[in-house]
There are 2 protein chains.
Amino acid sequence: MSKTSPFAISLEKTCQDRGLRLTDQRKIIVRLLEETISDVAFHPDVDEIYNRAIKIDKRISVATVYRTVKLLEEQGIIEKHDFKAGKARYEVSTKNHHDHLIDINSGEIIEFIDDEIEDLKKKIAKKLGYELIDHRLELYCKKK
Amino acid sequence: MSKTSPFAISLEKTCQDRGLRLTDQRKIIVRLLEETISDVAFHPDVDEIYNRAIKIDKRISVATVYRTVKLLEEQGIIEKHDFKAGKARYEVSTKNHHDHLIDINSGEIIEFIDDEIEDLKKKIAKKLGYELIDHRLELYCKKK
DNA sequence: ATACTTGCAAAAGATTTGCCGCATG
DNA sequence: CATGCGGCAAATCTTTTGCAAGTAT
């Protein structure tokens, strides 16, 4: 929160600009999600967000977290990931698309960007007669 | 069933070799899954398998489909996919790893293999100090 | 014979939703 | 003040599981 990343134009502001009502609970959730900008390895699931949230303000329910997270995703403000674990994980959308490497032992998530692979994705879609809209690449690895 | 693909060494045989008990219901499920070999666009979910199965033999339950599909996956005989739709989809494992292009309008799934991208994956993992164990690349596209 | 499988229905885990009082813009 | 939002609990959806009975090897 104090550490401002170049992307952190304040999600609260972004939400306001989109005309989303800024309730106390949304402010808290949005603030927590903001941490995923500076902490690239932090991809919380609903429960993690909820548990952190109630520590700040008890007047918040899981339902609200679910609703907020869904709303923000529809707005393209955050992204939903699945990482093979049964529950969804979220992070703030950044301008530059990145992929994920998941440490299958520790569960740690590492983000990476590789232009070469991004180009290839587009090229492959094109070759098959499609336009690339969205994509995901996940590398499940173990430490050497 | 009649059309034998080069990979179809008969899954039934494979199961036997692994010491899996071949019950009537397993035979049916396995036979249905075999179709994912010849029909590369066919990635059924549990319900689809179940619905086809009961047409062949009523004495089969969804629970068994879930149990069988899980068993086969643990054996590495089939693969589980998630494709952003809430439920898991399955296909028989083939020797050569391939990726998926999902038509976001029709839901159609296209498989493709690209050696260049496979190499890149390994290279990236290595660069980050990891060994690539598993990976998934999905391109969500729309027809041009 | 005996350990593994199955069906059924209940349970579990994640996510969604109806209702109604309440807060935001 | 009006519309949208939140809490709560019930409802959904997918997947798992306990139990008693049946079956493959």
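Residue numbers start from 1 in every chain, and the chains themselves are labelled A, B, ... in the order their sequence lines are given, proteins ahead of strands.
Where D45(B) and L71(A) each meet DNA chain D at their nearest nucleotide, the meeting point lying more 5' is that of L71(A).
In terms of modelled atom types and a separation under 3.5 Å, the side chain of Q25(B) and the main chain of R59(B) share a donor-acceptor contact.
Side-chain proximity of T64(A) to dG7(D), dT5(C), dT15(D): nearest is dG7(D). With distances taken from any side-chain atom of R21(A) to the nucleotides dT15(D), dA14(C), dC5(D), the minimum falls on dC5(D). In the set dG7(D), dT17(D), dT17(C), dG7(D) carries the atom at the smallest distance from any side-chain atom of S61(A).
Between Y66(A) and dT16(C) there is no side-chain N or O to OP1 or OP2 distance below 4.0 Å. The phosphate of dT17(C) (OP1 or OP2) has no side-chain N or O of R67(A) nearer than 4.0 angstrom. Remark: R59(B) is not in phosphate contact with dG22(D), judged by side-chain N or O atoms under 4.0 Å from OP1 or OP2. At least one side-chain nitrogen or oxygen of T23(A) sits closer than 4.0 Å to the OP1 or OP2 atom of dG6(D). Look at Q25(B) and you'll find a side-chain N or O under 4.0 angstrom from OP1 or OP2 of dG7(C).
Salt bridge status for R136(B) with E138(A): present, with a side-chain N to carboxylate O gap under 4.0 Å.
Between the CZ atom of R26(A) and the C1' atom of dG7(D) there is a distance of 14 Å, rounded to whole Å. In this structure, the NZ atom of K87(B) is 17 Å from the C1' atom of dT16(D), given to the nearest Å.
The aromatic rings of H97(B) and H135(B) lie parallel to each other, their planes meeting at an angle below 30°, with 60° marking the opposite boundary.
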